[in-house]
Amino acid sequence: MKAIKIIAASVLAALSLTSFAQTSSADEQQRLEQSRAMSKALGSQLSATLMKAMQEQGPVHGIQVCNEQAPAIAAAVNAANQGDTKAVVSRTALRVRNTNNAPTAEQRAVLEYFQARMNQGETAPELMFSSSDGNQYYMKAIVMQPQCAACHGGSIKPEIAQAVQAKYPADQATGFAVGDLRGAFLVQWLDAKN
Ligand code: HEC
C-alpha cells in the first residue's frame with residue numbers, strides 16, 4: 001500500500017499528471033473525449049479485423065494481419081479524427097512484440113503506475129499527462145482478454161510461436177494471463193509548447 005503511494009507520488013512529480021477529476025479547461029475535456037474515442041476505435045477495429053482473419057484462415061494468418069493491418073488501421077483512425085491539433089493513436093506496453101511499440105521512459109513510468117493501480121484492483125486505469133517535450137499524452141490500459149491468449153498467453157501453439165518468432169525475433173509479449181495489464185493505448189497530442 002505504502003509502496004504504491006510512493007510510486008504514484010514519484011510519477012506525479014516526474015510527469016505533472018493531469019487528474020481527470022480536476023480537468024478544468026474545455027480544451028482538456030475535449031482532448032480527453034477525443035483520445036477515448038480514438039483508442040476505442042483502434043481497439044474495436046483491430047479486434048474485428050483480427051477475429052475475422054483468425055476465423056477464416058487461422059491464428060498464423062492472424063499474426064500477418066496484425067503485422068500488416070495494425071499500422072493501417074491506426075492511420076485510418078488518425079485521419080478520421082483530426083481537429084485543430086494533430087493527435088496520433090498507437091499502442092505500447094512494458095513487454096512489446098514489435099520493438100517499434102516500445103514506450104519512452106515517461107510512458108514506461110505511466111505503464112508501471114497502471115500496473116500498480118491494477119494490483120490494487122482497478123480494472124482499466126487511464127491518464128492524461130504532459131511529457132518533458134511539452135506534448136500532452138493520453139494513455140489507457142489494455143487488459144488481456146481470453147481471445148488474446150492464442151498469441152500472448154502462457155502456452156502458445158508451436159506453429160503460432162514459430163510465426164511470431166519469424167516476424168518478431170525479440171518478442172517479449174507472451175506469458176500473459178487473462179486480466180493482466182497487456183499494454184496501453186497511447187494518444188499523442190502533437191503541439192509541443194517549446
Ligand atoms: C493472431 C495473433 C494475435 C492475437 C489473437 C492478438 N494479438 Fe496482440 N499482437 C500480435 C502481433 C503480431 C502484434 C505486433 C503488431 C505490430 O507489429 O505492431 C501484437 C501487438 C499487440 C500490442 C502492441 C504492443 C506490442 O506488444 O507490440 C498490444 C497492446 C496487443 N497486441 C494486445 C492484444 C490484445 C489485448 C489482444 C486480444 C484482444 C491481442 N493483442 C490479440 C498478435 C496477436
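Please read these numbers as outputs of a predicted model, since none were measured by experiment. Start at 1 and go down the list; that is how both ligands and their atoms are numbered.
- Note on Leu32: it clusters hydrophobically with Met38, by side-chain heavy-atom contacts below 4.5 Å among ILVMFWY residues.
- Note on ligand 1: Ser47 sits outside its first shell, no heavy atom being nearer than 4.0 Å.
- Tested against Tyr138, the residues Glu126, Arg31, Gln188 include a single side-chain hydrogen bond (donor to acceptor under 3.5 Å, both in side chains) partner, Glu126.
- Tested against Asn78 for a side-chain contact (heavy atoms from CB on, under 4.5 Å), the candidates Ile73, Val89, Leu42 yield a single pass: Val89.
- The protein non-hydrogen atom at the shortest distance from atom 24 (C) of ligand 1 is Asn101 ND2, 3.7 Å.
- Counted by atom type alone, Gln64 and Gln69 present zero donor-acceptor pairs between their side chains at under 3.5 Å.
- At a 4.0 Å heavy-atom cut-off, ligand 1 touches Met54 through the side chain alone.
- Residues Met118 and Leu127 share a single hydrophobic cluster, defined by chaining ILVMFWY side chains whose heavy atoms lie under 4.5 Å apart.
- Counting protein heavy atoms only, atom 29 (C) of ligand 1 is closest to Ile142 CD1, 3.7 Å.
- Listed by atom number, the atoms of ligand 1 under 4.0 Å from Pro59 heavy atoms are 1 (C).
- What sits closest to atom 28 (C) of ligand 1 on the protein, heavy atoms only, is Arg91 NH1, 3.4 Å.
- Distances shorter than 2.8 Å separate atom 8 (Fe) of ligand 1 from the protein N/O/S atoms His152 NE2.
- Taking the centre and axis of the six-membered ring of Tyr113, the NZ or CZ atom of Arg108 falls outside the cone set by 45° and 6.0 Å.
- The shortest N or O to N or O distance between Tyr168 and ligand 1 is under 3.5 Å.
- Heavy atoms of Gln147 approach ligand 1 to within less than 4.0 angstrom.
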Name each donor-acceptor pair under 3.5 Å that joins a side chain in residues 149-166 to protein atoms two or more places apart or in another chain, with its distance.
residue	atom	partner	partner atom	Å
His152	ND1	Ala173	O	2.9
His152	ND1	Arg182	NE	3.4

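- Per-residue contacts place Gly62 under 4.0 angstrom from the following atoms of ligand 1 (heavy atoms of the residue considered): 1 (C).
- In the hydrophobic clustering of this structure, Val143 groups with Val110; members are Ile, Leu, Val, Met, Phe, Trp, Tyr whose side-chain heavy atoms approach within less than 4.5 Å, directly or through other members.
- In this structure Tyr137 satisfies the ring pair (Phe, Tyr, Trp, His ring centres under 6.0 Å) test together with Phe129, sequence neighbours excluded.
- Using a 4.5 Å cut-off between side-chain heavy atoms of Ile, Leu, Val, Met, Phe, Trp and Tyr, with links allowed through other members, Ile142 and Val77 fall into the same hydrophobic cluster.
- Legend: residues meeting salt bridge (Lys or Arg N to Asp or Glu O under 4.0 Å) with Glu33, ordered by chain and number and at least two apart, are absent.
- Heavy atoms of Asn98 found under 4.0 angstrom from ligand 1 belong to the backbone as well as the side chain.
- Short contacts between ligand 1 and Val96, defined as distances under 4.0 Å to a heavy atom of the residue, involve ligand atoms 25 (C), 26 (O), 27 (O).
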